[in-house]
There are 2 protein chains.
Amino acid sequence: MNSKKVSSIGERALITLLTEIFKSPARKEVLEGAGSDDCAVLDLGGEDCLVISTDMLHRTTDFPVGMSPWQMGWMSAAVNFSDIAAMGAKPLGILMAIGMPTETEISFVEELAKGIQACAEFCETAVIGGDIDTHEELTITGTSLGRMKKSQLLRRSGAKPGDLVCVTGYTGSAGAALEIFQSKHRGVEEESEQAGEQAGEQAGEQGTEQEAEKTREAKETLIKSLLEPVPRTKEAQKLAASGSVTSMMDTSDGLAMSLHDLAKAGCIGFKIQEDSLPILPEVRDFASTPENDPEKLLELALYTGGDFELLFTVDPEQIKKVQNICKLSIIGECAEYDEGILLERPDGSIIPVKRRGYQQLKAGSS
Amino acid sequence: MNSKKVSSIGERALITLLTEIFKSPARKEVLEGAGSDDCAVLDLGGEDCLVISTDMLHRTTDFPVGMSPWQMGWMSAAVNFSDIAAMGAKPLGILMAIGMPTETEISFVEELAKGIQACAEFCETAVIGGDIDTHEELTITGTSLGRMKKSQLLRRSGAKPGDLVCVTGYTGSAGAALEIFQSKHRGVEEESEQAGEQAGEQAGEQGTEQEAEKTREAKETLIKSLLEPVPRTKEAQKLAASGSVTSMMDTSDGLAMSLHDLAKAGCIGFKIQEDSLPILPEVRDFASTPENDPEKLLELALYTGGDFELLFTVDPEQIKKVQNICKLSIIGECAEYDEGILLERPDGSIIPVKRRGYQQLKAGSS
């Protein structure tokens, strides 16, 4: 065991190992400790609790080539606020520890900081502290804090068989966008040329330049969703206050991985309808090009990360109420744990959802 | 300005620049925001407040060659708890984000985690969360939390002319230890041989093997103070509760730098007595070897960091009470801001204390 390498045991096994070492005598103020949910939760005494999460990002793994410094800042804050959203809490502040190469230009740092600040403002909170360090590779560790009523806390556990499974926004968008963005910046296909050709073809077929413009815009929107993910902090607070949500987490590691995490924590199974998965038309178009595998769309929707949407379960009697709170898609329902996590395909066949996540966009442990 | 490099403007100017960008409309719950004290401080509503700090450490800059993984873990937690101590708060928990090379051995990670856990236990708290990431260079960002009564908060500001300047423990120990430790691990002088020779010489001079053993032990104690710094969380809580301390911070960036930070925050000057600086006999011995500069001892005591002691000011009428709380040294007294920061030398001459810190052991912004 001891001479084994980190790479051989995987992230989740490593978390289990560390959680064991960090185990300490139960303290009444720690409502959720290390490794158990999207955030740690501390009892503040009265009605309220504090939720806290930390996420380390660094250039080679987390920031695709071509991303702007402003976007790196925004994303570093967004992934942290997404964890706060996952519990249903109101953001209280964020701390940012930034390690950067000594040759970094000041203008880069300024843009990075403005991106962080913009995301904090979007989440109606502020950067309250941090640390600066020199580092060979740009490394940003955020720590976000939130506050909420203990009674409204949305954990990964709590769902019952029969509860409806819901998700905000779309799934697979960031995964598709990453492929488009990477090919664009790999220089294999120069985006403007490619867009131009496609525009030409489409213009030929459809006879309008407007359509070509639309395609370009759609791609840009897709890429923006990858590079500037929107933390669902506002929706999350309303969902928590509704009292109708039984469990929740974010989809940062992909929908399939999140379903597995939710299943494990809640001791629950899922039956998901493929037809109900919310997928952008642009992602469908991208996946259906001839060079792609026929299962490409499902691969993107289930097994790619970076979407930072909320995955949650709702008491079916209360679903109307919840639908009035925010835009959501009902993608299936909760089953018994023994039934596993199944996907019903459009042809009526049933396949298991694998416990697999797309790690390239991995943004932290939670 | 914009094309300037980070290296050209220095850490503190960079903090000022970022603080400006992170400025947000005053919110009543933020009692101290980014860049102003050792920790950010959030009002919890009732009598209490939350103090939070984050510090990023990484292998090449913060962990001297030869340091064990357990010690890296301990230190990563200790520097964070020292910030909590600097405010006088009771530690509430720590989050650790760890980025490590994929080829790291599991046994290394286990030892690292045990060091973190040991320090958290020493501070009577726990690791409550974290993140794991792969990283080219071992990088550890801790975020520590503490809680205390708002009325007892010990800020960097608050001292008055005439207040006594105090420090816990010793100064210059870590600086001296670093030099000893580095020369040992540089392989220029192999410690065991060196200790052996010195032991031989000393045994010859003093006629006892006991003395040689003592020298070895003293060096080991010194090195331990460098590699396993003790966060003064217990002393800090008692000092805060006493109501007799007027301002406080830690000495992580060195005594001189801390005096300057305290002076700036409190709009105060200092007159320090060189004779009163608490310096270990082993450090005096080390500094007085013939190859060293005559001012080596003062250089170590004022301008080297890594000691993580508490520097604080006390109302002179209450000093007896404070002396009963913890071991401390009175090193001088507060003066008017205009008088600057002066050092009275043993011969009665007065020199200014420079605004200079030893950055090699730098452990964060605070």
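Quick note on labels: first sequence line is chain A, next is B, and so on, each numbered from 1.
In the displayed structure, A/Lys264 atom NZ is contacted under 6.0 Å by at most 12 heavy atoms of other residues, nucleotides or ligands. Annotation: B/Arg59, atom CZ; neighbour count of heavy atoms from other residues, nucleotides and ligands within 6.0 Å does not exceed 12. Within a 6.0 Å radius of CD in A/Glu136, no more than 12 heavy atoms belonging to other residues, nucleotides or ligands are found. Other residues, nucleotides and ligands place no more than 12 heavy atoms under 6.0 Å from the NZ atom of A/Lys149. The environment of B/Lys150 atom NZ is dense: over 12 non-hydrogen atoms of other residues, nucleotides or ligands sit within 6.0 angstrom.
Heavy-atom pairs under 4.5 Å with chain A were tallied for B/Gly46, B/Ala40, B/Pro101; the largest tally goes to B/Ala40. Taking A/Val41, A/Ile128, A/Thr60, A/Leu18 one by one and counting their heavy-atom pairs under 4.5 Å with chain B, the maximum is reached by A/Ile128. In terms of heavy-atom pairs under 4.5 angstrom with chain B, the leader among A/Thr102, A/Val109, A/Thr19 is A/Thr102. Per-residue counts of heavy-atom pairs under 4.5 Å with chain B were compared for A/Leu92, A/Leu112, A/Val30, A/Asp48; the largest is that of A/Leu92. Across B/Ala97, B/Ala113, B/Gly129, the residue that shares the most heavy-atom pairs under 4.5 angstrom with chain A is B/Ala113.
The parts of A/Leu44 that come within reach of chain B are both its backbone and its side chain, each placing non-hydrogen atoms under 4.5 angstrom from that chain. The contact between A/Thr125 and chain B is made by backbone and side chain atoms together, counting heavy-atom distances below 4.5 Å. When heavy atoms are compared at a cutoff of 4.5 Å, B/Leu14 approaches chain A by way of both its backbone and its side chain. For A/Ile21, the parts lying near chain B are the backbone and the side chain together; criterion is any non-hydrogen pair under 4.5 Å.
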- [ ] For the pair B/Asp133 and A/Asp55, evaluate side-chain contact (heavy atoms from CB on, under 4.5 Å) and give the outcome as yes or no after the intermediate values.
- [x] CA-CA 9 Å; B/Asp133 210 353; A/Asp55 264 315; over 6 Å; no
- [ ] Could you go through the side-chain contact (heavy atoms from CB on, under 4.5 Å) check for A/Thr143 and B/Ile52 one step at a time?
- [x] CA-CA 10 Å; A/Thr143 304; B/Ile52 324 139; 5.6 Å; no
Task: side-chain contact (heavy atoms from CB on, under 4.5 Å) evaluation trace for A/Leu50 with B/Leu145 - done: CA-CA 11 Å; A/Leu50 187 78; B/Leu145 295 106; 3.9 Å; yes
Task: Worked check of side-chain contact (heavy atoms from CB on, under 4.5 Å) between B/Phe22 and A/Ile116 - done: CA-CA 8 Å; B/Phe22 294 148; A/Ile116 293 170; 3.9 Å; yes
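The two residues A/Thr141 and B/Thr141 have their closest heavy-atom pair at OG1-OG1, 2.8 Å. Closest approach of B/Leu17 to A/Ile106, counting heavy atoms only: CD1-CG2, 3.7 Å. Nearest heavy-atom pair, A/Met100 versus B/Val6, reported as atom, atom and distance to 0.1 Å: SD-CG2, 3.8 Å. The nearest pair of heavy atoms linking B/Glu103 to A/Lys5 is O-CD, 2.7 Å.
By the 30° and 60° cut-offs, the orientation of the rings of A/His135 relative to B/His58 is parallel.
Applying the ring-ring contact (aromatic ring centres under 6.0 Å, His included) rule to B/Phe63 yields no partners; only residues at least two apart in sequence or on another chain are considered. A search for ring-ring contact (aromatic ring centres under 6.0 Å, His included) contacts involving A/His260 returns nothing, not counting sequence neighbours.
A distance of 12.5 Å separates CD of A/Glu105 from NZ of B/Lys4, quoted to the nearest 0.5 Å.
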